[in-house]
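Comments concern the structure below.
All values below come from the heavy atoms of this structure, side chains included, with hydrogens, waters and symmetry mates left out. Counting starts at 1 for both ligands and their atoms, following the listed order.
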Amino acid sequence: MRQQIVAGNWKMNKTLEEGLELTKGILEKVEKPKGLVVIAPPLTHLKEIGKMIKVRKYFHLAAQNCHHEPKGAYTGEVAADMVASVGAEFVIIGHSERRQYFKEKNDVLAAKVNACIARGMRPIFCCGEPLHIREVDTHVGYVAKQLKAGLFHLKEEDFRKVVIAYEPIWAIGTGRTASAQQAQDMHLAIRVLVAKKYGKAIADDTTILYGGSCNAQNAQELFSQPDVDGGLIGGASLKAEDFATIIAALK
Ligand code: 13P
């Protein structure tokens, strides 16, 4: 069954103490969400925040990244096995910031997806086009290439574990969100691509999140679209009240 999810990607924000305070606030404000709530704090906070959210069965923990190799001489990196060992159930893979600032290419992203699934976690696989691609109207083809390169090598049973997050780069952290119609059109296009590869039943079951300046004011309109199954939230996930309002907007 397709799941509704709101995931908070904290990016590189909050000390452990601040993160625990934020989590406490979220737990206080969120009651009986209509879907799953996923928290993706910095790697250093996973274990402590995982302990805190364990009391609610619909709260889940995500890592923002992991390395694709199982272990070895990769100073500063953390393997899938390691984030799983401190409670991560999801891993965000292919975020545009990782693609842009850390030069993560499709082959590495596909390997990260494999590492994550092999360790029993679910990838939240990000895709999305830059502004110049949107302006020349080739965004569907651009995203199709990202999905083919990063995800479509998976066997059917593994693909079922994947959550897709559509995050148009021009909307991330800019305050310029995609319109509900733009989000719906792209989410439908992604679902059609999944259907072509894996069949309609799996496509109908795939969770596709929207990310990019999604906030307490616009979440309801975005989530009301038939192919938008929730959101991957950056800035607005750092305020308990706003994040709780976004969670309450799930359909
Ligand atoms: P903002 O919500 O801050 O635009 O970030 C979106 C995002 O990148 C989530 O992964």
With hydrophobic residues grouped by side-chain heavy-atom distances under 4.5 Å, do Leu20 and Leu61 end up in a single group? yes
Could you go through ligand 1 and note, for every N or O atom, any protein N or O atom closer than 3.5 angstrom, writing the atom names and distance to 0.1 Å, or 'none'?
{"unit_1": "ligand 1", "atom_1": "2 (O)", "unit_2": "Gly234", "atom_2": "N", "d": "2.9"}
{"unit_1": "ligand 1", "atom_1": "3 (O)", "unit_2": "Gly235", "atom_2": "N", "d": "2.8"}
{"unit_1": "ligand 1", "atom_1": "4 (O)", "unit_2": "Gly173", "atom_2": "N", "d": "2.6"}
{"unit_1": "ligand 1", "atom_1": "4 (O)", "unit_2": "Ser213", "atom_2": "N", "d": "2.8"}
{"unit_1": "ligand 1", "atom_1": "5 (O)", "unit_2": "Lys11", "atom_2": "NZ", "d": "3.2"}
{"unit_1": "ligand 1", "atom_1": "8 (O)", "unit_2": "Lys11", "atom_2": "NZ", "d": "2.8"}
{"unit_1": "ligand 1", "atom_1": "8 (O)", "unit_2": "His95", "atom_2": "NE2", "d": "2.7"}
{"unit_1": "ligand 1", "atom_1": "8 (O)", "unit_2": "Glu167", "atom_2": "OE1", "d": "3.3"}
{"unit_1": "ligand 1", "atom_1": "10 (O)", "unit_2": "Asn9", "atom_2": "ND2", "d": "3.0"}
{"unit_1": "ligand 1", "atom_1": "10 (O)", "unit_2": "His95", "atom_2": "NE2", "d": "2.9"}
{"unit_1": "ligand 1", "atom_1": "10 (O)", "unit_2": "Glu167", "atom_2": "OE1", "d": "3.3"}
{"unit_1": "ligand 1", "atom_1": "10 (O)", "unit_2": "Glu167", "atom_2": "OE2", "d": "2.9"}

Heavy-atom check, side chain of Phe152 versus side chain of Phe159, under 4.5 Å: yes
Members sharing Ile124's hydrophobic cluster, built from side-chain contacts under 4.5 Å between Ile, Leu, Val, Met, Phe, Trp and Tyr, are Ile5, Leu36, Val38, Phe90, Ile92, Val163, Leu209, Leu232
Would you indicate whether the side-chain heavy atoms of Ile172 and Ser96 approach each other to under 4.5 Å? yes
side-chain hydrogen bond (donor to acceptor under 3.5 Å, both in side chains) against Arg191, all qualifying residues, sequence neighbours excluded: Asp227, Asp229
Partner set under side-chain hydrogen bond (donor to acceptor under 3.5 Å, both in side chains) for Gln64, not counting sequence neighbours: none
